[in-house]
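Everything below concerns the one structure shown next.
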Amino acid sequence: MTEPVAAGVRTAADVLARTRDLVEPALRRAVGTLPPSMRRVAGYHFGWWDARERPTRADGGKALRPAFTLLAAEGAGGDADAALPAAVAVELVHNFSLVHDDVMDGDPVRRHRPTVWNVFGRSEAILAGDSMLALAFAVLSGDGGPAGSARMLAGCVQSLLDGQSADLGFEERADVSLGECVRMAEGKTGALFGCACALGALHGGATAGQVAALRVFGERVGLAFQFVDDLLGIWGDPAVTGKPVHSDLRNRKKSLPVVAALTSGTPAGGALAALYRRPLAQSDLARAARLVEEAGGRAWCLARVDDLLSEALEALRSAAPAPGAAAGLEALARLVADRDR
């Protein structure tokens with residue numbers, strides 16, 4: 001048995017470093033089972049090699065979701081090894097969604113390097129994403145874990161796809177309500193964080209009540225993550241986000257701060273709506289960001305992040321996880337809610 005991920009936790013960075021050390025070898029083994037054409041693209045996406053399969057150490061992501069999975073298992077009294085297949089499956093589902101999301105949004109850069117579709121083409125990117133999704137279920141079903149794990153993950157993927165579909169549909173509409181936008185984010189992002197925690201708890205031997213509470217904890221954290229992500233999509237530092245400044249505005253995304261501004265009934269919200277009726281030139285982007293802020297979109301999102309963090313921590317307390325794991329989960333939740341992450 002490996003050392004617990006939560007052992008001697010001091011910071012979220014400690015948890016994430018231990019998670020990567022544990023998950024990456026298992027993830028590499030899983031990706032190594034893919035056909036060569038799919039393995040090549042997946043390995044590029046994870047930052048293990050370049051487009052010609054020459055080894056490199058590019059940014060492969062924080063491994064946030066698998067960290068929640070492993071800590072939830074430990075919180076329920078289990079160990080990280082038992083939940084490792086679930087953690088790998090969660091990471092594969094997350095990355096499948098990123099590859100497809102980049103295709104749909106036309107984003108040329110992710111994690112400070114060209115996106116998969118930008119290097120290999122849209123068709124290959126779609127196929128590679130499909131391959132990662134299929135691999136996630138193969139990994140999860142092949143570990144002999146608790147009954148219901150695959151069904152739980154499948155339900156999560158359906159919620160994720162429904163949220164992504166709503167996000168795409170919003171681009172064609174001028175009348176998106178704030179409630180619709182929040183429900184979209186709950187599916188697109190909150191569902192996978194919730195599933196990551198619930199799967200970990202299930203693999204750790206949690207009671208039904210603990211599984212439910214940890215799912216709520218994850219869902220609230222995931223929604224907070226999306227609020228912060230949407231803020232960074234407008235005001236984030238490209239050196240941190242790996243995407244151009246104002247990237248969401250350039251795509252006229254109906255993100256949470258944008259919809260809050262558009263539905264605010266303020267003069268700034270009306271001016272933003274007029275601006276959003278046509279493609280935005282480079283010179284429009286700073287003005288659009290200013291209008292979102294003047295209409296209250298930024299302040300509303302920041303307040304909701306604080307509320308969601310409080311709700312998440314209340315759910316975590318109700319699950320009564322082991323103290324070390326609880327400290328790790330709280331540290332991760334606070335990292336997710338950090339506006340400068």
Side-chain angles (χ1 to χ4, degrees), residues 1-34 39 42-50 53-96 98 110-113 132 135-136 138-140 142-143 145 149 153 192-193 195-197 199-205 214 218 221 225 240 242 321-336 338 341:
M1 185 175 75
T2 59
E3 181 183 32
V5 174
V9 167
R10 294 183 299 279
T11 66
D14 295 334
V15 173
L16 294 176
R18 289 183 185 179
T19 298
R20 284 192 295 271
D21 288 346
L22 189 58
V23 169
E24 184 170 318
L27 184 60
R28 282 180 178 264
R29 287 193 297 272
V31 170
T33 67
L34 294 176
R39 184 171 64 244
Y44 172 85
H45 172 76
F46 284 114
W48 302 334
W49 49 70
D50 64 15
E53 297 188 74
R54 295 174 299 195
T56 186
R57 288 300 304 177
D59 181 6
K62 294 185 178 71
L64 262 175
R65 292 154 190 82
F68 280 102
T69 301
L70 299 181
L71 283 174
E74 292 180 358
D79 60 71
D81 287 336
L84 187 55
V88 170
V90 163
E91 185 70 347
L92 285 165
V93 167
H94 171 54
N95 283 278
F96 131 77
L98 296 183
R110 178 175 291 279
R111 298 169 180 163
H112 312 286
R113 69 203 296 244
M132 287 186 215
L135 181 60
V139 169
L140 190 60
D143 79 318
S149 294
L153 185 61
L192 186 55
F193 274 91
C195 184
C197 292
L199 277 175
L202 196 62
H203 280 71
L214 285 167
V221 169
F225 180 96
V240 175
L329 288 166
E330 180 171 347
L332 289 179
R334 292 189 182 281
L335 173 67
V336 163
D338 183 355
R341 67 163 195 263

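Reckoned from all heavy atoms, side chains included, excluding hydrogens, waters and symmetry mates.
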**Request:** Examine Arg28 relative to Phe46 and say whether NZ or CZ is less than 6.0 Å from the centre of the six-membered ring and inside a 45° cone about the ring axis.
**Result:**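 Not flagged: Arg28 not positioned over aromatic ring of Phe46.
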
When you measure from the side chain of [X] to the backbone of [Y], do you find a donor-acceptor pair of N or O atoms at a distance under 3.5 Å?
X: His203; Y: Leu199; value: yes
X: Arg110; Y: His45; value: no
X: Thr69; Y: Ala196; value: yes

Taking all heavy atoms of [X] and all of [Y], pick out the closest pair and write down the distance.
X: Ala26; Y: Leu84; value: CB-CD2, 3.9 Å
X: Ala67; Y: Leu16; value: CB-CD2, 3.9 Å
X: Arg20; Y: Gly61; value: CD-O, 4.2 Å
X: Val23; Y: Leu70; value: CG2-CD1, 4.0 Å

Between [X] and [Y], is any pair of side-chain heavy atoms under 4.5 Å apart?
X: Leu335; Y: Leu64; result: yes
X: Leu332; Y: Val221; result: no
X: Leu98; Y: Arg111; result: yes
X: Val139; Y: Arg29; result: no
X: Trp48; Y: Arg39; result: no

Value rounded to 0.5 Å, distance of [atom1] in [X] from [atom2] in [Y]:
X: Leu329; Y: Leu71; atom1: CG; atom2: CG; value: 4.5 Å
X: Leu202; Y: Leu153; atom1: CG; atom2: CG; value: 11.5 Å
X: Asp14; Y: Thr11; atom1: CG; atom2: OG1; value: 3.5 Å

**Request:** Evaluate the side-chain contact (heavy atoms from CB on, under 4.5 Å) criterion for residues Leu92 and Leu27: first the C-alpha distance (whole Å), next the side-chain angles of each, then the deciding distance (0.1 Å), finally the verdict.
**Result:** CA-CA 8 Å; Leu92 285 165; Leu27 184 60; 3.7 Å; yes

**Prompt:** Would you call the rings of Phe193 and Phe225 parallel, tilted or perpendicular if under 30° counts as parallel and over 60° as perpendicular?
**Reply:**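 Tilted, since the angle between the ring planes falls between 30° and 60°.
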
**From Val15, Leu22, Asp21, residue fulfilling side chain to side chain contact (heavy atoms under 4.5 Å, CB included) relative to Thr19** =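 The passing option is Val15.
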
